[in-house]
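Inspection log for the structure reproduced underneath, given as structure tokens.
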Amino acid sequence: MSGAVHSPAAGEPTLIERFGWRGAVEPGIARVVSSHGDYYRIVCNESPEPLLARKKKSAFARMKVASPDGIRAVKRAGEHPDAPVRPVTGDFVRFRHNDRGDSLILEVLPRFSVFERRDPTARRSSQTLAVNYDTLFVMMSLNEDFSVPRLERYLALAEGAGGETVVVLTKTDLARDEADVRVAELRKAADGRAEVIAISALTGDGMDGVARYARPGRTIALVGSSGVGKSTLLNALAGEELSATQEIQEWSGKGRHTTTVRELSMLPSGAMVIDTPGVREIGIVGEEECGLAKGECSHRYRK
Ligand SMILES: Nc1nc2c(ncn2[C@@H]2O[C@H](COP(=O)(O)OP(=O)(O)OP(=O)(O)O)[C@@H](O)[C@H]2O)c(=O)[nH]1
Ligand SMILES: [Mg+2]
């Protein structure tokens, strides 16, 4: 394979390294920045612009992962036995570059963090919400979305998922008198497990606290119910409208979802943010669940 077209100055990170790759820099490594059905947008050293790639179908049926007994064939990708076999936004992949058409994703590389929603009834398979993040922002708004049990479920799922967890409480400007009490309750629930930061994207309150995590080459994943302000936070960190927020798409009749595709964005600071579609409930038996991207959504609004 020919060398990379992206050649930074000596000592400067290559494109894939700027996108968080920490392994040996070789040709044929890419990061998935968004997925659209069978197509993926990937970034790699082979092209200064993102490329379109398809996945090689057979490559994901059975994958080899390292185990204490050596290499063995397992049904699913990565260290997490429940992880889906298809690549998702944030994945590092091995791919075959094609400069005259679609490139081909050959293999999902091991994930260093995986946040997934589990269905303990196993009626639905687990759903991978974010992978390869350094910091998971578990987001909850201080008004109607507020729920200590839900926060505890998120924290339980985040434990052992890799990466650090930060609880981001949004819309302090709307919470008024209840804000302090609610923040204190959530701080107690998260005690010792995660830092808790209360913010308002509207007034800028607390934004320094979250911006500290936006470091070059690091990935922040945003998770939380629809409407808590994930895309609003992304836009505030980016200083521009990278992701549509609720008002703009409200007319579309798509129910409560505004973000429908998981997307990885590069911020001016050099940090990356994975914005995810809101989840209604998380990992709990019998509660109403809300699906995610088109084709995955089981929400009643979309039926
Ligand atoms: N007052 C106030 N409104 C906010 C704040 N942050 C977000 N909002 C509003 O909350 C609504 C929902 O915000 P979004 O950023 O679209 O929410 P989301 O979490 O991305 O939602 P989904 O994409 O559906 O998962 C929008 O109307 C935002 O303007 C805040 O700090 N204060
Ligand atoms: Mg959104």
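As the structure lists them, so they are numbered: ligands from 1, and atoms in each ligand from 1. Side chains are part of it too, since the values below use all heavy atoms of this structure and drop only hydrogens, waters and symmetry mates. Model, not experiment: these values are computed from the prediction.
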* Asked: With a cut-off of 4.0 Å, which atoms of ligand 1 are near a heavy atom of Leu202?
  -> 1 (N), 31 (O), 32 (N)
* Asked: What salt bridge (charged side-chain N to carboxylate O under 4.0 Å, His left out) pairs are there with at least one residue in residues 205-216, not counting sequence neighbours?
  -> Glu195-Arg212
* Contact between Asp173 and ligand 1, counting heavy atoms under 4.0 Å? -> yes
* Which ligand 1 atoms, with their elements, are less than 4.0 angstrom from a heavy-atom of Pro277? -> 25 (O)
* Under 4.0 Å from a heavy atom of Gly278: give me the atoms of ligand 1 that qualify, with their elements. => 25 (O)
* For Thr232, take its heavy atoms, then give the atoms of ligand 1 lying under 4.0 Å from any of them. => 6 (N), 7 (C), 13 (O), 14 (P), 15 (O), 28 (C)
* Asked: Which pairs with one or both residues in residues 190-217 pass ring pair (Phe, Tyr, Trp, His ring centres under 6.0 Å), sequence neighbours excluded?
  -> Phe137-Tyr213
* Asked: With sequence neighbours left out, what residues match Phe92 under ring-ring contact (aromatic ring centres under 6.0 Å, His included)?
  -> Trp21
* Asked: Any Lys/Arg nitrogen of Arg41 or Glu263 sitting under 4.0 Å from an Asp/Glu carboxylate oxygen of the other?
  -> no
* Asp275/Arg262 salt bridge by N-O under 4.0 Å criterion -> no
* Which of the numbered atoms in ligand 1 are below 4.0 angstrom from a heavy atom of Leu174? -> 1 (N)
* To do: For Ala201, counting its heavy atoms only, list the atoms of ligand 1 lying under 4.0 Å from any of them.
  => 30 (C), 31 (O)
* **NZ or CZ of Arg31 within 45° of Phe19 ring axis and under 6.0 Å** => no
* Asked: Does the cation-pi check pass for Arg86 over Tyr40, that is, NZ or CZ under 6.0 Å from the six-membered ring centre and within 45° of its axis?
  -> no
* Structure fact -> At a cut-off of 2.8 Å, protein N/O/S around the Mg ion (ligand 2) gives Ser231 OG, Thr259 OG1
